[in-house]
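Have a look at the structure below, then the notes.
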Amino acid sequence: MALAAIFVFLLVCAVHVLESMLDLAKKRGSVSDEQVKLRVAITQLLKESSALSTPSTFAQAAKLKRLAAAKEKELAKLQQSDIKGKQSLHEKYGKVLKATKVS
């Protein structure tokens, strides 16, 4: 009887820890290598465009700013796809955890 109670306690603790880890992973998120590379490229382009401040280099600075804006849009798309993937993962495992809790 005591062994069964310990087993149930450990099972409940494990489910609780898994649920909290899943919530933490959803909130925190992860950054892929591609996102890091895009952020570095964006900052580099913005630094280069800010260095070009004379009227004769205005066109080149504007081109760099447009390129940086395009990379920011690409980064936003990557982040949205990551969020959607994490939400579906959270929903999938969340349902499993709820079913485990209920039964």
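Numbering starts at 1 and runs along the sequence shown.
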Going by side-chain heavy atoms closer than 4.5 Å, which hydrophobic residues are tied to F58, directly or by a chain of links?
none

Over all heavy atoms of both residues, which pair between I42 and A68 is shortest? Give the atoms and the distance, please.
CG1-O, 4.1 Å

Nearest 0.5 Å, please: how far is [atom2] in [Y] from [atom1] in [X]?
X	Y	atom1	atom2	value
S49	R66	OG	CZ	11.5 Å
L45	K65	CG	NZ	12.0 Å
L64	S50	CG	OG	10.0 Å

Answer yes or no: does atom CG of L10 have more than 12 heavy-atom neighbours from other residues, nucleotides or ligands under 6.0 Å?
yes

Counterpart residues, side chain to side chain contact (heavy atoms under 4.5 Å, CB included), relative to T57 (two or more places apart):
L52, T54

Could you check K71, K73, Q79 and say which one makes a side chain to side chain contact (heavy atoms under 4.5 Å, CB included) with L75?
Q79

E74 and K77: side chain to side chain contact (heavy atoms under 4.5 Å, CB included), yes or no, with the steps?
CA-CA 5 Å; E74 185 179 342; K77 286 181 184 178; 5.7 Å; no

